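Contents: one structure, followed by commentary.
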Amino acid sequence: MITLEVNGKPHAVDADPATPLLYVLTDHLQLHGAKYGCGLGQCGACTVLVDGEPVFSCITPISVLQNRRITTLEGLGTSDNPGPVQRAFIAEQAAQCGFCIPGMIVRAQALLSRNPAPTPEEIRAHMSPNLCRCGTHMRIVRAVERAARELKAAK
Amino acid sequence: MARFSIIFAALAVAACAAQQALAPAEPPAAPSFDPALVRKGAELAALGDCNTCHTAPGGKPYAGGRALKTPFGTLYGTNITPDPETGIGRWSGAAFRRALREGLDREGRHLYPAFPYEYYTRLSDEDIRALYAYVMTREPVRASPPPHELRFPYNVRALLGAWKALYFRPGVFQPDPRRSAHANRGAYLAESLAHCGACHTPRNALGAEMKEHAFDGGEAEGWHAPALNAANPAPVPWSAQQLFTYLRTGLDAQHAIAAGPMDPVVRNLARVAEEDVRALADYFAALMPGRGQTPEAKADSGGPGAAIYAGACGTCHDRGRDASSGSALPLAFASALALPTSKNLLRITLEGIAPPAGEPGRFMPGFAQALTDAQVKELMRYSRSRFGGGAPPWDDVDEELRKAREDK
């Protein structure tokens, strides 16, 4: 048994220690925000936060995650009560097919927690590991900029 | 004792001897250069990797400002565009040639050997003319790099005169008439323009290459530059064809993927004449007689490192597909596991491999955020013992991990 702290709650998980976190999130914890994209850590659809830093959950074995803080898309807000970054993505209609967007939101959250006023260049550099095949990058960047503005205004 | 005093006095004299300034020239008009010579210069500049140190990340080509970390402090690449004020626009052909051959700027000041004039001194007159034609026809950019940040006494430029007296041996490359033109071409490129030894040959405490250890393996910007001679530890001996493929594409399925300071080198070699890359590959293949063992991973020893490897690394490295953007080398073949130091495997593990922003290239995700220091150490121990071909455990992991984390 491995205990994982996900979105503030401990979960005892009965799985092989080498199992990538993504499979545990979807198969054991019914958390479907993080998506299976490439399974190789190359696309970012599975991005979650570990101790506030973005990681690819498809290539992160659960054995390295004991006593660490895991935050998934679900930890940033709900459909009824979306968090500030999620609201900004909705307001900018940043999703086309939407498959990459959970990973984008989570990665953007990591940036804004550390740097509340990123420049457009900093946003692009930070977001670059996450791919979007529909090509809504301009809206994604605008959504991150909007989230930064609104988080600042809310303070 | 007397002998040392004499040497020291000689060095002091050499250090203080003023070097002659060469007269400034009016910047030559671009059309005054033969386009064929400019094209040749472009190829030579790529073989010489000039753009790497003379271009800042995201900056204008050849306008300088790129930081180069050395054991003596940080140097910044200079502006070599033909801007008359901040670049080399007022350098005559003679001043340019003297910089390459003697390591002096137009005003006669010594240049730091991070600019590898120890190699460029061997360049032919014709190649220097072509390089001059190329750089003088680039877009002039008004830009001054930050001043070098070197520790005392390395920041005293005049002392380079003493350094040169001790270590710098000027002289043009002499082809060996017993060798083929192709072999001489490879030797010329390796020992002059491509300045391979600048990273792949170890340096002494004063940053001078240890000539008796040519290509024994050196260091560059926190990375180990592997030995390119019989000491090369690759499990499968490098063939000339494999070296060619690696130098041309940055990827050889039985050895390595170019990373760190080697990445820009292979980017440049991808766009030069194939024949020149073959000449380089043949030159080094001849220096690296292999031991011909077949690499084999040891049985999985289990433990914490095994779970990390299986969940984080094996997902790609155990796939058994051809090396491509979606797969990875089986680690029993990977040179990084067989090196005498852990630093390359550590840096690749933490930061991954990625092309510069917006450029295509080879990719591996990094694990700097996913893994704690203790977990990285477990993974290093496990990987070395399972895939290191029987090499002893690394004893530098703690130190190198600290440095790699600091450099980020």
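Per chain, numbering begins at 1; letters A, B, ... match sequence-line order. This one's a predicted model, so the numbers in the text were calculated from it and none came from an experiment.
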Chain B contacts: which residues in [range] have a non-hydrogen atom closer than 4.5 Å to it?
range                       : result
residues 110-138 of chain A : none
residues 11-34 of chain A   : Pro17(A), Ala18(A), Pro20(A)
residues 76-96 of chain A   : none

*For the candidates Gly314(B), Pro365(B), Gly366(B), which exhibits the highest count of non-hydrogen atom pairs separated by less than 4.5 Å from chain A?*
Pro365(B)
*side-chain contact (heavy atoms from CB on, under 4.5 Å) partners for Thr372(B), two or more places apart*: Arg68(A), Ala374(B), Gln375(B)
_Under 4.5 Å from any heavy atom of chain A - which part of Tyr309(B)_ = neither
*Rounded distance (nearest 0.5 Å) linking atom SG of Cys43(A) with atom CZ of Phe363(B)*: 9.5 Å
*Measuring from Ile59(A):CD1 to Met364(B):CE, what's the distance to the nearest 0.5 Å?*
8.0 Å
*asked:* Show the nearest heavy-atom pair for residues Ala370(B) and Val64(A), with the distance to one decimal.
replied: O-CG2, 3.9 Å
*Do other residues, nucleotides or ligands put more than 12 heavy atoms under 6.0 Å from the NZ atom of Lys152(A)?*
no
